[in-house]
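The model shown is predicted, which means the values in this text are computed figures rather than measured ones.
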Amino acid sequence: MKVDVLVAEIGSTTTVVNAFKDLDTDHPVFFAQGQAPTSVLEGDVRIGLSGAIEDLKKKAGIDSLEYDEMLATSSAAGGLKMTVHGLVYNMTAKAAKEAALGAGGIIHYVTAGRLRRTDLAKIKEIQPNLILLAGGVDYGERDTAIYNAEMLRSMGLKVPVVYAGNIENQEEMKLIFDEESGMPLYNIENVYPKIDELNVEPCRKVIQDAFEDHITRAPGMEHVRDMVNGPIIPTPGAVMECTKLLYDCIGDIIVLDVGGATTDLHSVTEDSDMVSRILTAPEPKAKRTVEGDLGVYVNRYKVIESIGEEKFRQEMEAMGVDPDKTLETYKAIPKNEDEIKLVERLTKEAVLKAVERHAGAIRYVYGPSGRVTLAEGKDLTQVRHIVGTGGALTRLPHRIELMQNILKDNETGMKLYPGDGVDFLVDNDYIMASLGVLSKTHREGAIKLLEQSLGIKFPAKRFADQQAEQFSAVKELQAMQAERLKKEAEREEHIKAMEDMGYDMTEYRNPEPVLGNVSKEEYEEIKREALAKDRSMRKAVIDLEQSKKFAEDCERAMQDAADAHHGSGEAEYDPASGKIPGCKHECKTCSRIHCQYRNTNY
């Protein structure tokens with residue numbers, strides 16, 4: 001039997017192999033799945049991979065299996081252990097952390113500012129697989145990142161370093177992490193190039209490339225390339241890749257992955273216009289959070305602590321379940337009805353807490369000008385699809401109802417949660433991680449397999465295509481600009497060719513503006529006359545306006561004088577004679593300040 005691709009998910013305890021065929025047709029097939037214990041700790045990952053393939057053949061009822069390509073995701077060998085170091089925690093350090101999480105890294109330590117001796121001791125204890133170093137906006141602060149780089153080199157860890165800080169430091173980084181250091185350097189774009197601007201995607205890609213280089217040298221993984229001939233990416237990173245693929249097809253989305261040890265939440269969504277105006281700090285479009293205390297088996301007692309032990313007991317007893325006995329018998333996968341009820345309650349708490357920690361919220365700030373409304377964190381109000389994956393949300397009987405509780409957990413309306421009208425979907429085949437890495441080489445096949453696993457049909461016009469059409473006007477302007485630049489380049493080439501032939505092309509390089517066929521001198525004379533005429537016209541207009549104002553003021557004064565004598569028994573002002581009846585010629589004390597006969601020589 002021959003298939004197109006095998007995708008191996010190499011976990012800490014279990015290795016799962018999924019087989020896919022007919023990927024380049026309109027009807028790709030998820031053929032079969034096999035699993036076996038992971039053998040990394042035994043010293044050779046190939047043992048577990050071979051065991052999973054044998055299990056797959058047994059389940060499919062075939063004697064032999066051939067494949068063209070084998071891809072892999074891995075969280076074995078400790079996964080991608082990382083430490084992250086930036087300048088300011090809420091700026092460069094946070095941006096670097098978002099990049100690492102989105103790439104599938106497991107962040108063990110984050111620092112801001114200069115590294116201290118206690119920080120160095122902590123890093124040495126962690127023994128990270130990769131170090132992410134950032135700090136400073138482009139062409140901003142430089143010294144902290146350089147100091148931290150020198151401190152990290154002095155530790156002699158011999159692990160890759162990704163530098164994603166101020167681009168002015170890149171040459172310095174090459175000098176610090178030279179060949180003698182034994183620390184391979186990846187210089188990339190700044191994750192925080194400007195204030196309030198995130199640029200995490202380039203960093204995520206490089207982290208995954210660095211992971212692939214590292215994982216093949218990890219203990220027990222040295223021979224993985226003997227079987228895997230395609231990409232190897234971290235398992236959480238593969239789920240994020242699949243989430244992005246879903247976004248391209250159906251739009252703003254959340255993917256919840258509730259596992260035995262942790263709960264991961266992936267979201268790909270744009271901020272709404274209303275929220276983006278009041279956000280205090282930028283958030284990445286694609287965001288992942290990992291809740292290490294929200295596992296439904298390994299960390300079940302921490303989840304119970306989050307619920308409240310007394311409340312948990314009351315709810316279990318109300319369902320007719322003995323919590324102590326059930327917790328004692330529960331081993332990773334629920335086997336009976338009582339254990340299923342227990343795990344469903346733990347899953348509900350894990351889902352609600354994970355979303356609460358991932359999402360942003362509205363808050364009020366009071367200052368001299370009164371109350372101001374601000375938004376902090378990730379805006380999920382645009383989300384229209386919530387997908388469940390992982391063991392709990394793909395196998396529990398009430399998985400849809402568990403996710404629907406998210407919408408009920410926003411009584412105050414202050415949380416930036418999805419609104420009504422959300423679709424809830426389930427990764428029924430539990431293959432999102434496999435499809436994430438499969439999309440690297442067979443994108444269209446992965447999309448069709450996603451439709452099958454989710455049980456829906458994607459729109460004929462994909463969301464990404466609709467978004468692209470909205471920017472058609474911008475593209476048209478860009479095309480016009482490109483055409484103009486092309487013509488300018490062609491003209492420049494022609495002028496240069498003529499100069500090479502000996503012609504003087506100065507006037508063509510610096511053409512003077514002309515009107516019709518007039519000469520340069522005539523043009524200058526016309527321009528001077530026009531300017532002079534313009535100045536004289538403006539002066540005439542000003543003089544006319546001043547004359548009109550003076551006449552209006554005189555007329556108003558005479559009228560006021562006439563009004564003052566009207567009805568006093570005296571004769572009215574006679575414009576013909578220019579005399580004002582009753583005038584005693586006492587100008588010094590007279591109130592008629594606008595009188596044309598007023599004597600001001602006193």
Side-chain angles (χ1 to χ4, degrees), residues 78-195 197-215 217-218 234:
L80 179 56
K81 293 191 296 183
M82 293 182 63
T83 61
V84 175
H85 313 285
L87 175 60
V88 178
Y89 184 83
N90 285 328
M91 300 171 83
T92 51
K94 179 183 176 183
K97 179 181 175 183
E98 294 290 355
L101 285 171
I106 301 171
I107 298 179
H108 286 255
Y109 196 48
V110 179
T111 67
R114 292 194 169 205
L115 290 170
R116 302 173 180 84
R117 283 172 291 185
T118 52
D119 296 326
L120 299 178
K122 184 74 174 177
I123 295 167
K124 192 170 185 178
E125 178 187 340
I126 293 168
Q127 289 292 308
N129 306 130
L130 189 145
I131 294 172
L132 177 55
L133 181 60
V137 298
D138 286 344
Y139 306 103
E141 203 275 349
R142 299 181 61 182
D143 296 340
T144 300
I146 293 173
Y147 175 85
N148 288 346
E150 290 170 342
M151 290 297 100
L152 290 169
R153 172 178 172 156
S154 68
M155 297 177 66
L157 290 176
K158 312 298 182 186
V159 299
V161 174
V162 175
Y163 176 68
N166 185 346
I167 59 173
E168 277 194 301
N169 283 341
Q170 289 188 352
E171 293 302 319
E172 291 282 346
M173 294 299 160
K174 290 178 183 178
L175 296 175
I176 295 170
F177 299 111
D178 54 13
E179 290 186 7
E180 293 182 4
S181 70
M183 303 176 77
L185 174 67
Y186 297 82
N187 262 334
I188 58 169
E189 298 174 34
N190 196 344
V191 291
Y192 199 81
K194 299 177 183 177
I195 297 295
E197 181 179 321
L198 296 181
N199 181 35
V200 297
E201 289 302 326
C203 186
R204 286 175 176 173
K205 184 179 185 304
V206 170
I207 289 172
Q208 290 186 353
D209 292 342
F211 170 79
E212 189 168 346
D213 292 340
H214 151 76
I215 199 68
R217 293 191 292 271

Q: What residues, two or more places apart in sequence or in another chain, satisfy salt bridge (Lys or Arg N to Asp or Glu O under 4.0 Å) together with Glu179?
A: none
Q: Quick check: do Lys94 and Tyr89 have side-chain heavy atoms less than 4.5 Å from each other?
A: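 Lys94 vs Tyr89: side chains apart.
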Q: Whether Arg153 and Glu150 form a salt bridge (side-chain N of Lys/Arg under 4.0 Å from carboxylate O of Asp/Glu) is what I want to check.
A: no
Q: Say you draw a straight line from CG of Asn187 to CE of Met173; how long is it, rounded to the nearest 0.5 Å?
A: 8.0 Å
Q: Which atoms form the tightest heavy-atom contact between Gly105 and Met82, and what is the distance?
A: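 In this case the closest contact between Gly105 and Met82 is CA-SD, 4.0 Å.
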Q: Give, for atom CG of Asn190 and atom CD1 of Ile167, the distance between the pair rounded to the nearest 0.5 Å.
A: 7.5 Å
Q: From the options Leu152, Ile131, Asp119, select the one residue that forms a side chain to side chain contact (heavy atoms under 4.5 Å, CB included) with Thr83.
A: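 Of Leu152, Ile131, Asp119, side chain to side chain contact (heavy atoms under 4.5 Å, CB included) with Thr83 is met by Ile131 alone.
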Q: Does Asn148 use its side chain to pair, donor to acceptor, with the backbone of Met151 at less than 3.5 Å?
A: no
Q: Apply side chain to side chain contact (heavy atoms under 4.5 Å, CB included) to the pair Tyr186 and Val161, showing each step before the final yes or no.
A: CA-CA 6 Å; Tyr186 297 82; Val161 174; over 6 Å; no
Q: Check Arg204 with Asp209, please: is the shortest side-chain N to carboxylate O separation under 4.0 Å?
A: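 Salt bridge flag = no for Arg204 with Asp209.
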Q: Answer yes or no: is there a donor N or O on one side and an acceptor on the other, between the side chain of Lys158 and the main chain of Ser181, under 3.5 Å?
A: yes
Q: Hey, could you give me the CG/CZ distance between Leu133 and Phe177, rounded to the nearest 0.5 Å?
A: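 Here the rounded value is 6.0 Å.
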Q: Taking C-beta and beyond as the side chain, do Glu168 and Asp138 meet within less than 4.5 Å on heavy atoms?
A: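 Result no, sub-4.5 Å side-chain heavy-atom pair not found.
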Q: On a heavy-atom basis, which atom in Ala99 and which in Val191 lie closest, and how many Å separate them?
A: CB-CG1, 4.4 Å
Q: Of the non-hydrogen atoms in Ile107 and Val110, which two are nearest, and what is the gap between them?
A: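 Smallest heavy-atom distance, with atoms named: CG2-CG2, 3.5 Å.
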Q: State, yes or no, whether a side-chain contact exists between Val162 and Ile188 at a heavy-atom distance under 4.5 Å.
A: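 Result yes, sub-4.5 Å side-chain heavy-atom pair found.
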Q: How many angstroms lie between atom CG of Leu115 and atom OG1 of Thr144, to the nearest 0.5 angstrom?
A: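 It is 9.5 Å, given to the nearest 0.5 Å.
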Q: Go through Lys194 and Val137 one step at a time and tell me if the side chain to side chain contact (heavy atoms under 4.5 Å, CB included) criterion holds.
A: CA-CA 5 Å; Lys194 299 177 183 177; Val137 298; 5.6 Å; no
Q: So do Glu141 and Asn166 actually touch side chain to side chain, heavy atoms under 4.5 Å?
A: no
Q: Less than 4.5 Å apart, side chain to side chain, heavy atoms only: is that true for His85 and Leu132?
A: no
Q: Counting C-beta onward and ignoring hydrogens, is there a side-chain heavy-atom pair between Glu189 and Cys203 closer than 4.5 Å?
A: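 When only atoms from C-beta onward are counted, Cys203 and Glu189 do not touch, as no gap falls below 4.5 Å.
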Q: Does some side-chain heavy atom of Phe211 sit less than 4.5 Å from a side-chain heavy atom of Leu130?
A: no
Q: List the atom of Val84, the atom of Ala100, and the distance in Å for their closest heavy-atom pair.
A: CG2-CB, 4.3 Å
Q: Taking Asn199 for the side chain and Tyr192 for the main chain, is one N or O donor matched with an acceptor at less than 3.5 Å?
A: no
Q: Can you confirm whether Ile123 sits close enough to Tyr109 that some side-chain heavy atom of one is under 4.5 Å from a side-chain heavy atom of the other?
A: yes
Q: Look up atom NZ in Lys122 and atom NE2 in His108, then write down how far apart they are to the nearest 0.5 Å.
A: 10.0 Å
Q: Please name the pair of heavy atoms, one in Ala134 and one in Ala145, separated by the smallest distance, quoted to 0.1 Å.
A: O-CB, 4.1 Å
Q: NZ/Lys124 to CG/Leu157 distance, rounded to the nearest 0.5 angstrom?
A: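 With rounding to 0.5 Å, NZ (Lys124) is 8.0 Å from CG (Leu157).
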